[in-house]
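Note that the structure is a prediction, hence the values are computed from the model and not measured. Atoms within each ligand, like the ligands themselves, are counted from 1 in listed order. As a basis for the values below, the full set of heavy atoms in this structure was taken, side chains included, without hydrogen atoms, waters or symmetry mates.
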Amino acid sequence: MPITAQSVWDSCLSFIKDNIKPQAYKTWFEPIVPVNLQGNALTIQVPSKFFYEWLEEHYIKLLRTSLVKELGKEAKLVYEVKMENTYSSNNTHTVKIPSSNRNPINQQGVTVPLQLSKRELHNPFVIPGIQKIKIESQLNPSYNFENFIEGDSNRLARSAGIAVANKPGGTSFNPLLIYGGVGLGKTHLAHAIGVEIKDKYPEKTVLYISSEKFTQQYIDSVKNNTRNDFIHFYQMIDILIVDDVQFLSGKSGTQDVFFHIFNHLHQNGKQVVLTSDKAPVDMQDIEQRLLSRFKWGLSAELQSPDYTTRVSILERKLYRDGVEMPDDVVAYIAKHINTNVRELEGVLVSLIAQASFNKKDFTLSLTRQIVDKFVKNTKREISIDMIQKVVSKYFDMDVATLQSKTRKRHIVQARQLAMYFSKRMTKASLASIGSQIGNRDHATVLHACKTVDNLTETDKQFRKYVEELKDKLNSQS
Ligand code: ADP
Ligand code: MG
C-alpha cells in the first residue's frame, strides 16, 4: 500500500490516541486533516492559529515522536492554518506555518522547515512569524499616560489605568471599565493602558479594538463559517481592550460571543479593559449576564475637566506644538469651552490655523470669534421630543393630541410638521421618528415629509407655519 498523508497521519493518530486523554484527543486531534505528504514532510491542516499554537505548546513532543516513528529522523511537520481572511471577506484560504522551533525538535531529529509561506496573511492583526504568531496591537502610541493630563475629573480612572498597566490581570480591576461622555479621553486612556503594557511586558499580546469593528468581524465570521476561529483568535489575547462597548447594545449575537470570550479571558487571568459612554447601570439593551460581568471589576468615570485641568491640557498641547499663546487667550478658551477635551483641542487648532493663515496674532477678539462659533455649533442637539413640544405649543395642543390617531386636518398637519422637522433637524431614522411620534411606521414619516414639502410650495399659510416653526426651533437650540 502506498504511503499517503492520510496513512501516515492515521498511524500517528493511533499512537497519539494511546498517549493522551480521550477528551483532549477529540478536541485537538480529531479536527486535524492531513493534506499533503512530500518526501518526509507531512502537512496537516488545523482549524485556526489558536489551534496551531496550542498544539505547539502542549503536544509538540507527542507529535514529534509519532512523526519520527512514521517518517524517520528527517521528518518535518508543516501546519496549514485554515484561516479566515480578516474575518471580513469571503474567500477562505490557507496559510502554511512551519512548525516552530521553540522546542528544538532538531535535536530529536525532526528538521523544522523554515520557509515561510509566500502567501500573505490577510488578517491585519497577524504577522507571520517563525517563533510565534504575533498580533498587531492596533495601539496608537501617541495616546499615552505621559500626555494624559491628570485632574480631579480623571484621577480615579487614570490611576486605575496605571494600576492595570503595571499588573495586567493581576488587580481586582478586571474588567476595568472607563466610562464618560464624548471627548473626555476614554479612547486616549484605553490606548495609554495598552501602550504602557506593551512597553513593560513586550511578550504579552495586547489588542485594541472598537466594539463596532469587533461586531463587524463577528458578523463576517458567521457569514464565512469561521465563528470558532474568531472566538479562538480572541481567546488568545492577554490584554483585550474594547472601546465603546455601548455599541454592542441590541446586538445579541455579538454580545453572546463576547460573553464567552470575556469569560475565557477572565478565567485565565487575562486583562479586559472596556470603555463606554455610560455607566453599566445606564446601559440599555445589553444582556444582564454581560452587564453583571462589566460590574465585576472597577467602573471609573471620566468627568468633564475642571478649569485648572482645562488650562493644563491647553498648555500641554501648545507646548507640544511649539506654539506660544498669551495667558489671557488660554484662559479665555478654558473658561468658555467647558464641555470636553476634544472641543478644547478643536478651538486651539482653529485658532492656530486662523492666526497663521491670516497672519494675525492670537488676540482676544480673534479668540472670541472662534470660541463663539464653537459654542454655537455645539449647542445641545435638537431632540424629537423637543420638536413635538414646540410644534404642539405652536398649534395650541398637547403632545398627546399631536400623537393621537385622529384624522382631524389641523392635528394631522401638526403631526406631519413634527415629523418633517425631526427628519430635517435630527439624525434619527424615519423608523425611529415614526416610533417616537405616535408609533407610526417609516412610510408614514416619509409621506409626511413629502406632504410638507408640497404644501410649503403651494400653500402660503402653511409656508408661514413652517418658517415660524423653523425660527422657534432654531432659537431653542
Ligand atoms: P473619548 O474617547 O472619550 O470620546 P478621546 O479619548 O478621543 O475621547 O479624547 C478626545 C481628545 O482629547 C483626544 O485627542 C485626547 O488626546 C484628548 N484628551 C482627553 N483627555 C485628555 C487629558 N486628560 N489630557 C490630554 N489630552 C486629553
Ligand atoms: Mg472614543
Close approach, Gly183 and ligand 1, non-hydrogen under 4.0 angstrom: yes
At under 4.0 Å between heavy atoms, which part of Lys317 makes contact with ligand 1: side chain, backbone, both or neither? side chain
Tyr79-Glu56 side chain donor-acceptor pair, cut-off 3.5 Å: yes
Flag Thr187 as yes if one of its N/O/S atoms falls below 2.8 Å of the Mg ion (ligand 2), otherwise no. yes
Which residue and heavy atom of the protein sit nearest atom 8 (O) of ligand 1, plus the separation: Gly185 N, 3.0 Å
Nearest neighbour in protein (non-hydrogen) for atom 16 (O) of ligand 1: His188 ND1, 2.6 Å
Relative to the heavy atoms of Phe148, which atoms of ligand 1 are at a distance of less than 4.0 Å? 20 (N), 21 (C), 22 (C), 23 (N), 24 (N)
Considering only non-hydrogen protein atoms, determine which one is nearest to atom 10 (C) of ligand 1 and report residue, atom name and distance to 0.1 Å. Arg342 NE, 3.8 Å
One finds that the ligand 1 atoms under 4.0 Å from a non-hydrogen atom of Asn154 are 23 (N)
What do we get for Glu345 next to ligand 1 when only non-hydrogen atoms under 4.0 Å count, side chain, backbone, both or neither? side chain
Give the atom numbers and elements of ligand 1 that come within less than 4.0 Å of a heavy atom of Gly181. 3 (O)
Ligand 1 to Ile149 polar contact by distance, N or O atoms, under 3.5 Å: yes
What atoms of ligand 1 come closer than 4.0 angstrom to any heavy atom of Lys186? 1 (P), 2 (O), 3 (O), 4 (O), 6 (O), 8 (O)
Does either side chain, that of Asp398 or that of Thr401, offer a donor lying less than 3.5 Å from an acceptor on the other one? yes
To check your reading of the model: name the closest protein heavy atom to atom 25 (C) of ligand 1, its residue, and the distance in Å. Asn147 O, 3.2 Å
Check this for me, if you would: do Glu196 and Lys200 make a salt bridge, where the nitrogen-to-carboxylate-oxygen distance has to be below 4.0 angstrom? yes
State whether a side-chain donor-acceptor pair under 3.5 Å links Thr456 with Asp453. no
Look at Asp306 together with Arg155 and state whether they make a salt bridge at an N to O cut-off of under 4.0 Å. no
Between the side chains of Asp243 and Thr275, is a donor N or O closer than 3.5 angstrom to an acceptor N or O? yes
May I ask you to decide if Pro141's main-chain N or O and Asn144's side chain share a donor-acceptor pair within less than 3.5 Å? yes
Is a salt bridge present between Arg227 and Asp220, judged by a nitrogen-to-oxygen distance below 4.0 Å? no
Side-chain donor-acceptor contact under 3.5 Å, Tyr234 with Gln217: yes
Going by heavy atoms, is Ser312 under 4.0 Å from ligand 1? no
Closer than 4.0 Å to some heavy atom of Val182 - which atoms of ligand 1 meet that? 4 (O)
Could you check whether any side-chain heavy atom of Ile382 comes within less than 4.5 Å of a side-chain heavy atom of Ile387, counting everything from C-beta outward? yes
Who's the nearest protein heavy-atom neighbour of atom 18 (N) of ligand 1, and how far? Val341 CG1, 3.2 Å
